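Here the structure is laid out as structure tokens; the discussion comes afterwards.
Here the structure is a predicted model, which means the values were calculated and not measured. Counting starts at 1 for both ligands and their atoms, following the listed order.
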Amino acid sequence: MPALKIIIGNKTYSSWSLRGWLAVAHTGLVFEEVLLPLDTPEFQKRIGGLSPSRTVPALHHGDAVIWDSLAIIDYCARLTPEHFWWPKDLTAYGFARSITAEMHSGYMGLRAHAPMNLRGAWSGLELSDAVKADVEKVQQRWTAAREKFGSGGAFLFGDFGAADMMFAPVAARLLTYDIEVNTACRAYMDAVRNHPLVDAWYKDAATETAAVPMDEIPADATRLG
Ligand SMILES: N[C@@H](CCC(=O)N[C@@H](CS)C(=O)NCC(=O)O)C(=O)O
């Protein structure tokens, strides 16, 4: 097996990196990680040689370079098909694929107004209509997945898999900004936060000191801790 290397951004802020990193870590294979600090001259200097899209994450595996988080998830699923990635049942698979693609290409309100930031906890975030609509939609998707397909475990389709990787940074945002959700969604978010790989990422993030101003919380929010 050729060496696996994933290029990521700051663990505090880089939501797409978290998705790709969860995928490679979920394989259980040994991998190296290279962290390029976001929004720095170093990032600009090195990213071109490491990622064709000039974005993180990017996965290197022998001669293969895979960029874009969803592509990395699918590539990693090919590396270790014996692990759980997508539900086997076709109806569940269709739902998992749909909500994962929807996350990958949408939720612009949440992405623009509630950037992932694992440092500290906040309240008082004024939610725009776009954010409220995204929070409502994600609750519908999570509740439906848990009710219809999630009885085998604590995650969207039972065991931790591809859809959870895609939504882990959403759970992180809702926790960071203390956004109210229904009980089932809160339980799901807690399961994601307590997943060993997610927890490992949070622990690494807690050692970071760099600040990326564009991903910092709006000035009118109230810091809790
Ligand atoms: N669709 C891409 C998005 C990747 C992306 O936008 N990554 C951000 C960091 S979270 C990035 O590399 N930003 C650096 C830049 O654009 O200069 C994916 O799924 O991986």
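Because its NZ or CZ atom is both nearer than 6.0 Å to the ring centre of Tyr107 and within 45° of the ring axis, Lys137 counts as a cation-pi partner of that residue.
Between Ala96 and Thr100, the shortest heavy-atom distance links the atoms O-OG1, 2.6 Å.
Within 6.0 Å of the CD atom in Glu82, the count of heavy atoms belonging to other residues, nucleotides or ligands exceeds 12.
Of all protein heavy atoms, the one closest to atom 16 (O) of ligand 1 is Thr55 CG2, 4.2 Å. In terms of protein heavy atoms, atom 20 (O) of ligand 1 is closest to Ser69 N, 2.8 Å. What sits closest to atom 6 (O) of ligand 1 on the protein, heavy atoms only, is Trp16 CD1, 3.7 Å. Closest protein heavy atom to atom 13 (N) of ligand 1: Leu38 CD2, 4.1 Å.
For the residue pair Tyr177/Arg173, the side-chain donor-acceptor check at 3.5 Å is not satisfied.
Connection of Trp67 to Leu38 is not established within any shared hydrophobic cluster, with ILVMFWY side chains joined at heavy-atom distances below 4.5 Å, either directly or through further cluster members.
Atoms of ligand 1 found under 4.0 Å from any heavy atom of Phe43 (numbered from 1 in listed order, with element): 12 (O), 14 (C), 17 (O). For ligand 1 and Pro57, the ligand atoms under 4.0 Å from any heavy atom of the residue are 20 (O). Atoms of ligand 1 found under 4.0 Å from any heavy atom of His104, numbered from 1 in the order shown, are 1 (N), 19 (O).
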Worked check of ring pair (Phe, Tyr, Trp, His ring centres under 6.0 Å) between Phe84 and His26: CA-CA 9 Å; Phe84 179 76; His26 188 67; 7.9 Å; no

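Taking the side chain as every heavy atom from C-beta outward, Leu22 and Val198 approach each other to under 4.5 Å. At least one side-chain heavy atom of Phe157 sits under 4.5 Å from a side-chain heavy atom of Phe95.
Of the candidates Ile8, Asp68, Val212, the one placing a heavy atom closest to atom 1 (N) of ligand 1 is Asp68. Distances from atom 4 (C) of ligand 1 to the heavy atoms of Val56, Ile72, Ile73 show the closest one on Val56.
The residue Arg19 has no part lying near ligand 1, judged by heavy-atom distances below 4.0 Å.
Residue contact annotation: Ser14 has a non-hydrogen atom under 4.0 Å from ligand 1.
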